[in-house]
Amino acid sequence: MSTRIPFLKGHGTENDFVIVPDPENAVDLPPAAVAVLCDRRAGIGGDGLLHVVRSAAHPEARHMAPEAEWFMDYRNGDGSIAEMCGNGVRVFARYLQRAGHVAEGDLAVATRGGVKTVHIAKDGDVTVGMGKALLPEGDVTVSVGERSWPARNVNMGNPHAVAFVDDLSHAGDLLSPPPFSPAAAYPDGVNVEFVVDRGPGHVALRVHERGAGETRSCGTGACAVAVATARRDGADPTATGTPATYTVDVPGGTLVITERPDGEIEMTGPAVIVAEGEIDAEWLETAMRA
C-alpha cells in the first residue's frame with residue numbers, strides 16, 4: 001500500500017460517501033479498511049465507500065468493460081459489499097466529471113447490479129437509469145416495537161421492504177434493523193423504507209439501509225418507494241402506457257423518480273463533491289488492527 005492514498009468526499013441528497021480513485025484496482029480495501037474510513041469519529045466518515053476502478057481492471061466487472069469503462073465497486077459503511085447504490089452512482093458520475101474522465105451528457109457506469117445509464121445535465125442534476133423493478137410475490141411484514149405493517153417487496157438490484165405509515169416517527173430511532181417476516185423473504189437482509197403521503201404524486205420517507213443504519217437518503221429506496229406507491233395508487237406504466245412520476249422527499253433533500261412504460265426507472269437529483277485529500281496509509285493499517 002502506498003504511503004498516501006487519494007480520496008474525495010461527496011454526497012447525493014446527504015447520502016455521503018468516501019471516494020477512492022483507483023483506476024487500476026491497485027488499492028487493497030478489505031472490509032476493515034472500509035469500516036475505518038467510513039467511521040464518522042475515527043475516520044473520514046460516510047454512509048459508504050465508492051471505489052473507482054476501470055471495469056477492465058476488476059474481476060467482477062471485466063465482462064461489462066465493453067459497455068462501461070468505469071466500475072463502481074460500492075461498499076456499505078460497515079465494509080460489506082452491496083449490489084447498487086443510486087445516490088452513489090450520481091456521486092460517482094460527478095467524480096468522473098470532476099476528474100476529466102467524462103463530460104456533460106450520457107455515460108455508462110458498471111455496478112454489481114448491472115450497467116447503469118447516467119446523464120449529467122448542465123444544471124448540475126444527474127439522472128440515473130436504475131433499471132426495472134422486480135416485485136417478488138408473497139406477503140412481507142415489518143415491525144418497530146409493538147407496531148407492524150404490511151410491506152411491499154421491491155427489488156431494485158438490491159432488496160427493499162416498503163411500508164406505508166401514518167407518521168414517520170413510527171419508524172423509531174432506526175438504530176438497528178427493523179425486524180421483518182418471513183425471514184426467507186430477505187436471506188441477505190433488506191433495506192426498509194417507511195413512507196408517508198405529502199400530496200398527489202408526492203411522498204416522504206425514512207430508511208434503514210442494511211449495513212449502514214438510517215441514512216439521509218437512499219436512491220434505490222426512493223425508486224422502490226415510487227414503484228410501491230404507484231402500485232398502491234393503481235398505476236402500472238407497463239400496463240397503462242403512461243409514465244408515473246413521484247417526488248420523493250428524503251431527510252437530505254428531494255429526488256424525482258419516473259417509471260416509464262417500458263418499466264425502466266429514472267432517478268434525478270443533485271450530486272456534490274465537497275472535499276479531497278489524502279489518506280495516511282500507515283494510519284489506516286494501524287486503525288484496521290485496533
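Because the structure is predicted, anything quoted here is derived from the model rather than measured. Hydrogens, waters and symmetry mates are skipped; everything else that's a heavy atom, side chains included, is used. Residue numbers start at 1 and run along the sequence shown.
Under the rule for a side-chain hydrogen bond (donor to acceptor under 3.5 Å, both in side chains), the partners of Thr238 that lie at least two apart in sequence or sit in another chain are Asp236. The ring pair (Phe, Tyr, Trp, His ring centres under 6.0 Å) search around His101 returns Trp70, not counting sequence neighbours. Judged as a side chain to side chain contact (heavy atoms under 4.5 Å, CB included), and not counting sequence neighbours, the contacts of Glu67 are Val115. Partners of Phe71 according to the ring pair (Phe, Tyr, Trp, His ring centres under 6.0 Å) rule, which considers only residues two or more places apart in sequence or in another chain, are His58. When the ring pair (Phe, Tyr, Trp, His ring centres under 6.0 Å) test is applied to His51, no partner is found at least two apart in sequence or on another chain. In this view, Asp16 and Lys9, Arg40 satisfy the salt bridge (charged side-chain N to carboxylate O under 4.0 Å, His left out) rule, not counting sequence neighbours. With sequence neighbours excluded, the residues that form a side chain to side chain contact (heavy atoms under 4.5 Å, CB included) with Thr141 are Ser148, Ser181.
Scanning all heavy atoms of the two residues, the minimum distance from Ala281 to Ile5 falls at CB-CD1, 4.2 Å. Of all heavy-atom pairs between Asp188 and Arg210, the closest is O-NH1, 3.0 Å.
Applying the 4.5 Å side-chain rule to ILVMFWY residues, one finds that Leu175 remains a lone member of its cluster. Alongside Val272, the hydrophobic cluster contains Val274 (criterion: ILVMFWY side chains under 4.5 Å).
With hydrogens and angles ignored, the 3.5 Å screen pairs a side-chain donor or acceptor of Asp262 with a backbone N or O of Glu264. A distance-only check finds a donor-acceptor pair linking the side chain of Arg75 to the backbone of Leu29 [under 3.5 Å]. Formation of a donor-acceptor pair under 3.5 Å by the Asp280 side chain with backbone atoms of Arg4 is not found in this model. Within the 3.5 Å criterion, the main-chain N or O of Gly199 finds no donor-acceptor partner in the side chain of Asp197. Proximity of a side-chain donor or acceptor of Arg216 to a complementary backbone N or O of Pro251 within less than 3.5 Å is detected. Side-chain atoms of Thr111 never come within 3.5 Å of backbone atoms of Met84 as a donor-acceptor pair (strictly under, hydrogens ignored).
Asn158 and Tyr74 are not linked by any side-chain donor-acceptor pair at a separation below 3.5 angstrom, with hydrogens and angles left out of the test.
Val225 and Val140 fall into different hydrophobic clusters, where Ile, Leu, Val, Met, Phe, Trp and Tyr residues are linked whenever their side-chain heavy atoms come under 4.5 Å apart, directly or through other members. The same ILVMFWY cluster, assembled from side-chain heavy atoms under 4.5 Å apart, contains both Ile265 and Tyr246. In this structure, Met72 is a member of the same hydrophobic cluster as Ile120, with clusters built from ILVMFWY side-chain heavy atoms closer than 4.5 Å.
The shortest side-chain heavy-atom distance between Asp47 and Cys85 does not fall under the 4.5 Å cut-off. Looking at heavy atoms from C-beta onward, Glu14 lies out of side-chain contact with Ser217 at the 4.5 angstrom threshold.
For Asp167, the CG atom is densely surrounded, since the number of other residues' heavy atoms within 6.0 Å is greater than 12. Enclosure of atom CG in Asp139 is not indicated, since only 12 or fewer non-hydrogen atoms of other residues, nucleotides or ligands lie within 6.0 angstrom.
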Trace of the side chain to side chain contact (heavy atoms under 4.5 Å, CB included) decision for Leu255 with Arg90: CA-CA 12 Å; Leu255 297 167; Arg90 295 202 320 279; 3.6 Å; yes
Val52 vs Leu96, side chain to side chain contact (heavy atoms under 4.5 Å, CB included): CA-CA, chis, key distance, verdict: CA-CA 9 Å; Val52 184; Leu96 292 178; 4.1 Å; yes
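Evaluation of the ring pair (Phe, Tyr, Trp, His ring centres under 6.0 Å) test over residues 138-157, restricted to residues two or more places apart or in two chains, returns Trp149-Phe194. Legend: ring pair (Phe, Tyr, Trp, His ring centres under 6.0 Å) pairs involving residues 158-181, not counting sequence neighbours, sorted by first then second residue: Phe180-Tyr186. For residues 266-290, no residue pair satisfies the ring pair (Phe, Tyr, Trp, His ring centres under 6.0 Å) rule, not counting sequence neighbours.
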